[in-house]
Amino acid sequence: VQLQASGGGLVQAGGSLRLSCTASVASSVSFRSYVMSWFRQAPGKEREFVSAINQGRSPFYVDSVKGRFTISRDNAKNMVYLQMNSLKPEDTAVYYCAADRQVIVSSYSRADQYDYWGQGTQVTVSS
């Protein structure tokens with residue numbers, strides 16, 4: 001699987017951005033069979049789980065983004081989205097999309113459980 005993240009940028013606090021991740025999968029494997037997740041990494045910090053959406057479209061979020069971020073997927077287009085509203089300066093980071101077919105729900109937040117990663121897109125929120 002090859003993942004391409006896009007949609008980052010510079011936004012003022014309180015603003016919104018929509019991240020997109022396009023997946024290129026082998027013809028023998030369905031995109032819908034992957035758990036798709038977003039992680040982020042701020043300078044000097046560990047990579048942090050943000051959100052996941054599983055094969056059944058159930059969403060999962062880290063507490064700090066609940067009520068502000070919404071994850072969704074379009075299986076027909078092999079895409080996953082992260083709508084980010086009410087952005088805060090502490091949301092500033094490089095955002096990565098990740099995919100895996102075998103990660104279990106109790107491990108969605110573990111970066112080491114994902115086999116496939118996109119290149120990252122920078123999100124900067126100014127105060």
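Keep in mind that what you see is a predicted model, and the values were worked out from it rather than measured. Note that the numbering runs from 1 along the sequence shown for the chain.
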>> Ring of Phe31, cation from Arg73 - is the NZ or CZ under 6.0 Å from the centre and inside 45° of the axis?
In response: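 Yes, Arg73 and Phe31 form such a contact.
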> Do NZ/NE/NH1/NH2 and the carboxylate oxygens of Lys88 and Asp91 come within less than 4.0 Å?
Replying inline: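 So Lys88 does not pair with Asp91 through a salt bridge.
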Between atom [atom1] of [X] and atom [atom2] of [Y], what is the distance when rounded to the nearest 0.5 Å?
X      : Y      : atom1 : atom2 : value
Glu48  : Gln41  : CD    : CD    : 10.0 Å
Ile104 : Gln113 : CD1   : CD    : 7.5 Å
Tyr116 : Asp100 : OH    : CG    : 7.5 Å
Asn78  : Tyr34  : CG    : OH    : 10.0 Å

Ignoring hydrogens and geometry, is there a side-chain-to-backbone donor-acceptor pair from [X] to [Y] under 3.5 Å?
X      : Y      : answer
Thr92  : Val125 : yes
Tyr96  : Ser37  : no
Arg110 : Ser106 : no

> Mind checking whether Ile53 and Val29 sit in one hydrophobic cluster, side chains of I, L, V, M, F, W, Y counted as touching below 4.5 Å?
Replying inline: yes
>> Is the ring pair Phe69/Tyr95 parallel, tilted or perpendicular, if the boundaries are 30 and 60 degrees?
In response: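 Tilted, since the angle between the ring planes falls between 30° and 60°.
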> Tell me the disulfide bond (SG atoms under 2.5 Å apart) pairs involving residues 6-77, sequence neighbours left out?
Replying inline: Cys21-Cys97
In the structure I gave you, are the side-chain heavy atoms of [X] and [Y] within less than 4.5 Å of one another anywhere?
X      : Y      : value
Asn54  : Phe60  : yes
Tyr81  : Trp38  : no
Gln119 : Gln4   : yes
Arg57  : Asn75  : yes
Met84  : Val65  : no
Val35  : Arg101 : no
Gln83  : Ser72  : no

>> Which residue is it: Leu82, Ile71, Val80? I am looking for the one with a side-chain contact (heavy atoms from CB on, under 4.5 Å) to Leu19.
In response: Leu82
>> Set out, in order, the CA-CA distance, both residues' side-chain angles and the distance that settles side chain to side chain donor-acceptor pair (under 3.5 Å) for Thr124 and Gln122, then state yes or no.
In response: CA-CA 6 Å; Thr124 303; Gln122 176 71 47; 3.3 Å; yes
